[in-house]
Every structure is written in structure tokens, then in C-alpha cells.
Amino acid sequence: MKISWSHCVLKVRDMDTMVSFYEDTLGFVVADRGAIMGGDSPEIVFMSGSSSDHHQIAFVQTRPEEEATSLDHNAFRVESIADVKAMIEKVAQDDRVKAHAPLTHGNALSVYFADPEDNGIEIFCDSPWHVRQPAGQGWDPTMSDEDVLADVKAKFENDPEFRPIEDYQAMKAKEFGEV
Ligand SMILES: [Fe+2]
């Protein structure tokens, strides 16, 4: 299984200051923002500087004053749904992993868990589609890959931004001056 770096999500105290800093100093652009679980849940802001990733860094406003770490999770991309399923099986049998949760953002099929020191990890593969973020629903890793994709499509195809990922990336490539 080939695992490659994708993004990290940090818990922040002052969203505006953090977003402006990453815009002004590092040149990232806000890709999406919204309540992470809908309603009045904490805001998440996704930022990217590349068409290859919807976000390369994201901030979620959930860092209590006393919390020592700002890491929510590091995310790593794998190449297929089969790889994500294999990782789910692996962590399910690992006593050092207390819990794991399969989640789909529409644009990805993920599993979330924590390392032995409680640092969050996301392992995901891309789906064929772009979906406006934040978005999240459970998915069933016991389904066939085909059924998993049909289920994701059914869950997210009503999103107004739902489209083939190639279309989204082509738009972003222009925005970022890659083409
Ligand atoms: Fe993530």
C-alpha cells in the first residue's frame, strides 16, 4: 500500500488571524468554510494552494485555552478503496488503536483513528467527485467497492457543487496559475 502526505487540520483559537496569516504569508486560498457538523458547531476553514488537493491545511475553531496541542489530524492519501478497507482491518486488530471511524466527505472515503499518543490520523482515497466541504457521512466498508461508490454518489449528488473531480481540479489549476 502506497501512502502519501495530503493535509493537516489544526485546532485554532483565533480563526481570522490564522486564515489571514496563511493567506498573506504563505499564499493559500480559502477553498471552503462552514460549520463542521452543521448548525452552530465549530467552524472549519479549508485552504489550498494547489489543484491537486481540495485542502492542504484546514483550521477548526475547537482549541480550548488550556490544550497543549493544536493538531486535530494528519491526513494521508492511499490509492484505492481497497487500501482504505485494508487499513480499517489493520487498525481494528491493533490494540494500540482505541477506536476508528469510517467517514466519507463525498470527495473521499476515509477512516479516522488516533495514534498511541492520541494524534489524529485520517487515511483516505479520493472519490471520483468534488463535493462542497464540510460534508460528512458514515460509509460501510463491508460493501463492495462498486456499492460504496454508488452509496457515496446517492448521498452527495444533490450537492450544488457536485461534479467530476477533474472539472473541479481544472478550475482550480486556472485559479492557481498552474496552466
Ligand atoms: Fe482531513
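These numbers come from the heavy atoms of this one structure, side chains and all, not from hydrogens, waters or symmetry mates.
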Start with the C-alpha gap between E161 and R163, add the side-chain angles, then the distance that decides, and say whether side-chain contact (heavy atoms from CB on, under 4.5 Å) holds.
CA-CA 6 Å; E161 289 188 17; R163 72 190 78 169; 3.9 Å; yes
Steps toward side-chain contact (heavy atoms from CB on, under 4.5 Å) verdict (V60, V9)
CA-CA 7 Å; V60 60; V9 177; 4.1 Å; yes
Derivation and outcome, side-chain contact (heavy atoms from CB on, under 4.5 Å), residues N74 and I121:
CA-CA 5 Å; N74 283 312; I121 296 176; 5.6 Å; no
Verdict with reasoning, S51 to Q169, per side-chain hydrogen bond (donor to acceptor under 3.5 Å, both in side chains):
CA-CA 5 Å; S51 65; Q169 288 177 336; over 6 Å; no
Give the C-alpha distance, both sets of side-chain angles, the deciding distance and a yes or no for side-chain contact (heavy atoms from CB on, under 4.5 Å) between M18 and M47.
CA-CA 11 Å; M18 288 293 276; M47 306 188 82; over 6 Å; no
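Both F76 and V111 are members of a single hydrophobic cluster when ILVMFWY side chains are connected at heavy-atom separations under 4.5 Å. Linking Ile, Leu, Val, Met, Phe, Trp and Tyr whenever their side-chain heavy atoms come within less than 4.5 Å leaves W5 and I57 in two separate clusters. Note: the hydrophobic cluster containing I3 also contains V91 (ILVMFWY, side chain heavy atoms under 4.5 Å, direct or indirect links). Side-chain heavy atoms closer than 4.5 Å link hydrophobic residues (I, L, V, M, F, W, Y) into clusters, and following such links, even through other members, never connects Y112 to V84. Criterion: ILVMFWY side-chain heavy atoms under 4.5 Å apart, direct or through other members. Under it, L26 and L10 are part of a common hydrophobic cluster.
Under a cut-off of 6.0 angstrom, the local environment of CE in M143 is crowded, with over 12 non-hydrogen atoms contributed by other residues, nucleotides or ligands. Counting non-hydrogen atoms of neighbouring residues, nucleotides and ligands closer than 6.0 angstrom, the CG atom of D24 exceeds 12 such neighbours.
In this structure, Q56 contributes its side chain and S6 its backbone to no donor-acceptor pair below 3.5 Å. Between the side chain of H105 and the backbone N or O of A135 there is at least one donor-acceptor pair closer than 3.5 Å. Looking only at distances, no side-chain donor or acceptor of K98 sits under 3.5 Å from a matching main-chain atom of D118.
Aromatic ring centroids of H130 and F162 lie 6.0 Å or more apart. Ring centroid separation for the pair F156 and W129 does not come in under the 6.0 Å cut-off. Aromatic rings of F59 and Y22 (six-membered ring for Trp) have centroids within the 6.0 Å cut-off, being under it.
At a cut-off of 3.5 Å, with distance as the only test, no side-chain donor of S48 or S50 sits close to an acceptor on the other residue. Q133 and H55 are not linked by any side-chain donor-acceptor pair at a separation below 3.5 angstrom, with hydrogens and angles left out of the test. Counting only N and O atoms by type, the side chains of H54 and D32 include a donor and acceptor under 3.5 Å apart. Between the side chains of T104 and Q137, no donor-acceptor pair of N or O atoms lies under 3.5 Å.
The nearest pair of heavy atoms linking M87 to I123 is CG-CG1, 3.9 Å. Here the closest non-hydrogen pair linking L103 and G136 is CD1-C, 4.4 Å. Across all non-hydrogen atoms, the minimal contact from V148 to L109 is CG1-CD2, 3.5 Å. Closest of all the heavy-atom pairs between V45 and V19 is CG1-CG2, 3.8 Å. Looking at every heavy atom in both residues, G106 comes nearest to S127 through O-OG, 2.6 Å. In terms of heavy atoms, A86 sits closest to M1 at CB-CE, 3.8 Å.
For the atom pair E146 CD and I81 CD1, the distance stands at 10.0 Å (nearest 0.5 Å). N158 CG to K155 NZ: the interatomic distance, rounded to the nearest 0.5 Å, is 13.5 Å. Interatomic distance, D53 CG to K172 NZ, rounded to the nearest 0.5 Å: 12.0 Å. L149 CG to W139 CH2: the interatomic distance, rounded to the nearest 0.5 Å, is 9.5 Å. The CZ atom of F46 sits 14.5 Å away from the CZ atom of F28 when rounded to the nearest 0.5 Å. The line from NE2 of H73 to NZ of K11 is 11.5 Å long, rounded to the nearest 0.5 Å.
Ion pair K2/D83 not flagged as a salt bridge, since none of the NZ, NE, NH1 or NH2 atoms sits closer than 4.0 Å to an Asp/Glu carboxylate oxygen. Residues D94 and K90 are not paired through a salt bridge, judged by the lack of any N-O separation under 4.0 Å between the basic side chain and the carboxylate. Here D115 does not pair with R96 in a salt bridge; the nearest charged N to carboxylate O distance is not below 4.0 Å.
Looking at heavy atoms from C-beta onward, D167 lies out of side-chain contact with I165 at the 4.5 angstrom threshold. Using a 4.5 Å heavy-atom threshold, the side chains of P102 and P141 count as touching. Between R13 and Q61 there is no side-chain heavy-atom pair separated by less than 4.5 Å.
F124 and H7 have tilted rings, their planes meeting at an angle from 30° to 60° on a 0 to 90° scale.
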